[in-house]
Amino acid sequence: MKLFSFFSKINKKILLFVSLFLIFAVSVGLLLLPSKDTPTARTYENNTQYTFDSYTNELFSWQLSSDWLSMHFYLEHPEDWNIDMSSPTLGEYSHKSMKESQKYYINQINYLKSLNYKELYPNQQLAYDTLISSFTSQLDFGDLCLCSQVLSPTTGLQAQFPVLLSEYAFNSQTDIEHYLTLLSQVKDYFSQICEFQVTKAKNDSFISSFCCDKIIAQCKDFINEKNIKENLLYTSFYNRISDLKFLSSQKKKDYVQKNQEALQNSVIPGYRQIISTLSDLKEKGYCKNEEGLCKLKNGKSYYEYLVRSYTGSSRNILEQKAMIQTQLAKDVRTMYSLLNVSPELEKKFSTVEQTTLKPEEILKQLSKKAAKDFPVDDDYTFTIKYVDKSLENHLSPAFYMSPPIDSDSKNTIYINNASPNASQSLFTTLAHEGIPGHMFQSDYFSKTNPLPIRHLLNFGGYSEGWATYTELLSYQYAYDDTQLANAYACNSSYSLALYSLCDIGVNYEGWSRKETIKFLSNYSIEDESVCNSIFEAVVEEPANYLQYYVGYLEIVDLKNKMLKKYGPDFHLKDFHKAFLSVGPTSFDVVEKWICYFYEKNIKD
């Protein structure tokens with residue numbers, strides 16, 4: 001079916017978006033959890049409530065103790081959380097530990113099922129449901145882990161690592177010492193990752209040649225062999241040290257020197273090792289699969305695991321596909337209808353509009369305009385930063401970094417100036433990453449005072465689905481012309497639907513590059529370079545698009561169910577408040593709890 005020409009203007013921004021015991025036994029009665037076990041003490045009515053909080057607090061502390069880098073981003077004062085601060089570590093990355101993960105998840109599920117669910121507080125029941133959902137979704141990983149891709153062009157560890165290290169806060173001299181210790185471990189940690197790549201290769205589960213090439217090029221761009229003082233981890237460290245008032249000038253010089261030595265002796269050799277390992281494996285012919293996950297041993301089962309884990313949807317892949325196709329057809333009908341009413345819309349749609357507003361001004365504008373639909377405040381503190389030039393070609397157009405859960409630090413939004421149509425799409429990009437997207441969702445959830453463990457549980461479908469949902473709504477804030485706003489939102493949804501169908505087609509149904517190009521041509525996507533980019537993107541980051549789009553469609557479906565249930569008593573802002581109050585979890589848990597919060601918020 002041939003569509004209007006603007007359908008061929010596929011949204012390239014979307015192409016780049018692709019953003020865990022000790023159990024205390026106590027007597028039943030009125031109990032108070034000591035503040036040494038958690039920064040928040042509260043009263044309990046029975047043993048089960050106390051035991052559950054003790055369990056989740058230990059789970060929280062244990063998880064962060066084994067992942068020091070994550071711990072530093074989640075907590076500004078880890079000493080308050082019973083975390084051992086004596087041995088900073090990047091953790092372990094091994095095939096053995098992955099295979100053993102299934103026993104861990106089974107043990108956690110069995111323990112939770114031994115508790116009396118009915119005796120828990122509502123917020124504990126919600127955390128219980130979320131933990132069960134998270135542990136259950138990870139059960140298959142140990143058997144399928146050789147298909148996992150820790151190295152990938154956009155979301156891979158090697159891509160994210162420099163940004164995380166450059167954002168490592170120095171609140172004390174101890175923080176600096178810990179940071180330098182972590183840097184000294186990079187080479188050994190990356191060695192474990194390289195050993196895993198060799199294991200993958202011997203299992204015929206290695207990455208494609210084009211994925212290999214992109215990661216190698218990325219690593220070369222980052223380490224910048226010409227001048228180490230131009231490296232992001234040199235300049236960012238120097239800038240952070242320079243601003244510290246609790247260090248003498250000589251101490252600053254000493255730390256700068258130690259940082260440079262750590263870069264030369266650990267970080268850069270670590271990246272060189274990735275380059276060497278991938279180059280060697282490629283040269284030896286281990287890049288045997290140039291297509292989707294389903295062509296690998298256990299690849300189709302791994303893709304099913306990924307989709308469950310990423311989307312948080314209880315629908316199987318074919319049901320998700322049908323849901324995507326239904327929305328795609330709806331978008332086509334909407335666009336035809338818009339054009340029949342306003343033929344001039346196609347010309348407007350093709351006109352590139354550049355914004356002269358600064359990001360801070362856009363977010364301020366978004367905060368005001370979104371207030372009618374979302375419970376938005378005006379007191380958000382944030383910093384806008386820009387992706388380092390050495391990473392511009394490899395990272396997303398933008399991404400959000402939340403502050404530690406125990407501090408009032410600022411939110412951080414990174415913008416990538418090298419992304420296609422960066423200025424044109426900045427408004428909706430900031431709606432996705434900022435308000436009413438990720439930053440707003442994270443801030444709102446934190447203010448509900450959830451159990452700490454919930455901050456560590458990743459549900460991409462909920463988070464990225466929400467950000468996509470708010471991004472599409474934000475077109476009405478960006479344009480006064482309602483029909484034009486609807487056209488842009490429809491096109492963005494349309495584009496994501498096509499990417500998602502390609503993701504399923506390539507990784508689950510086994511489409512070749514040629515078959516993918518043919519599929520896209522049916523939707524007026526005929527630029528071969530665009531088609532090849534989409535094919536390679538879904539091979540490199542399987543299921544990534546689904547967490548955005550299936551997550552979005554699950555939210556829309558939930559909204560429609562609530563609208564049908566409450567009828568004239570349904571209010572969009574109250575729906576948004578209820579959804580955000582549930583917090584990140586799987587969609588079956590959201591559906592179980594959203595009416596509770598919807599009615600509770602109305603009463604309050």
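As the structure is a computational prediction, the values presented were derived from the model and not from experiment. Computation of the quantities below employed the complete heavy-atom set of this structure, encompassing side-chain atoms and omitting hydrogens, waters and symmetry-equivalent molecules.
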For the atom pair [atom1] ([X]) and [atom2] ([Y]), what is the distance rounded to the nearest 0.5 Å?
| X | Y | atom1 | atom2 | value |
| --- | --- | --- | --- | --- |
| Ile83 | Gln63 | CD1 | CD | 10.5 Å |
| Leu157 | Gln149 | CG | CD | 13.5 Å |
| Arg315 | Leu553 | CZ | CG | 8.5 Å |
| Asn298 | Asp204 | CG | CG | 11.5 Å |
| Ile594 | Leu558 | CD1 | CG | 4.5 Å |
| Ser402 | Gln441 | OG | CD | 9.5 Å |

Backbone N/O of [Y] and side chain of [X]: donor-acceptor pair under 3.5 Å:
| X | Y | value |
| --- | --- | --- |
| Ser61 | Glu58 | no |
| Thr448 | Phe445 | yes |
| Asn289 | Gly292 | yes |
| Ser463 | Gly460 | no |
| Asp503 | Tyr499 | no |
| Glu100 | His95 | no |
| Asn316 | Leu318 | yes |
| Ser134 | Leu131 | no |
| Asp406 | Glu76 | yes |
| Gln185 | Leu90 | yes |

Next on the checklist: Evaluate Leu456 against Leu64 for side-chain contact (heavy atoms from CB on, under 4.5 Å), listing each step before the verdict.
Outcome noted: CA-CA 9 Å; Leu456 305 188; Leu64 293 183; 3.9 Å; yes

With distance as the sole criterion, is a donor-acceptor pair present between the side chains of [X] and [Y] under 3.5 Å?
| X | Y | value |
| --- | --- | --- |
| Ser493 | Asp331 | yes |
| Ser94 | Gln192 | no |
| Tyr596 | Asn601 | no |
| Tyr414 | Glu167 | yes |
| Glu464 | His438 | yes |
| Gln108 | Tyr55 | yes |
| Gln327 | Tyr549 | no |
| Gln138 | Ser309 | yes |
| Ser152 | Glu541 | yes |
| Tyr400 | Asn411 | yes |
| Glu304 | Tyr508 | yes |

Checklist entry - Step by step, would you call Ser208 with Glu290 a side chain to side chain donor-acceptor pair (under 3.5 Å)? => result CA-CA 5 Å; Ser208 66; Glu290 300 293 326; 4.5 Å; no

Would you check if [X] and [Y] make a side-chain contact, meaning some heavy-atom pair closer than 4.5 Å?
| X | Y | answer |
| --- | --- | --- |
| Asn560 | Lys564 | no |
| Phe587 | Thr311 | no |
| Asn507 | Cys294 | no |
| Phe459 | Ser133 | yes |
| Ile415 | Leu430 | yes |
| Phe597 | Leu580 | no |
| Tyr494 | Leu498 | yes |
| Arg513 | Val506 | no |

Item to check | side-chain contact (heavy atoms from CB on, under 4.5 Å) between Leu520 and Val530, intermediate numbers included | outcome: CA-CA 10 Å; Leu520 290 168; Val530 172; over 6 Å; no

Mind checking whether [X] and [Y] have parallel, tilted or perpendicular rings, split at 30° and 60°?
| X | Y | answer |
| --- | --- | --- |
| Tyr271 | Phe190 | perpendicular |
| Phe135 | Tyr104 | perpendicular |
| Phe374 | Trp466 | perpendicular |
| Tyr302 | Phe141 | tilted |

Do you know the tightest heavy-atom contact between [X] and [Y]?
| X | Y | value |
| --- | --- | --- |
| Pro153 | Ile215 | N-CG1, 4.1 Å |
| Glu291 | Gly510 | OE1-O, 4.4 Å |
| Cys145 | Phe196 | O-CZ, 3.4 Å |
| Ala127 | Leu451 | CB-CD2, 4.1 Å |
| Met439 | Ile413 | SD-CD1, 4.4 Å |
| Ile555 | Gly465 | CD1-C, 3.5 Å |

Item to check | Lys99 and Asp143 ion-paired at < 4.0 Å | outcome: no

Do the two ring centres, one from [X] and one from [Y], sit under 6.0 Å apart?
| X | Y | value |
| --- | --- | --- |
| Tyr286 | Phe206 | no |
| His576 | Tyr469 | yes |
| Phe60 | His455 | no |

Item to check | side-chain contact (heavy atoms from CB on, under 4.5 Å) between Ile106 and Ile109, intermediate numbers included | outcome: CA-CA 5 Å; Ile106 290 173; Ile109 292 171; 5.7 Å; no

Item to check | Contact list for residues 116-138, test salt bridge (charged side-chain N to carboxylate O under 4.0 Å, His left out), sequence neighbours left out | outcome: Asp129-Lys592

Checklist entry - Near Lys447 NZ, under 6.0 Å, is it more than 12 heavy atoms from other residues, nucleotides or ligands? => result yes

Checklist entry - Is the charged tip of Arg454 near the ring of Tyr128: under 6.0 Å from the six-membered ring centre and within 45° of its axis? => result no

Item to check | Results of salt bridge (charged side-chain N to carboxylate O under 4.0 Å, His left out) for Lys214 - residues two or more places apart only | outcome: Glu536, Glu540

Item to check | Gln273 and Ser191: CA distance, side-chain angles, deciding distance, side chain to side chain donor-acceptor pair (under 3.5 Å) verdict | outcome: CA-CA 7 Å; Gln273 189 167 3; Ser191 292; 2.8 Å; yes

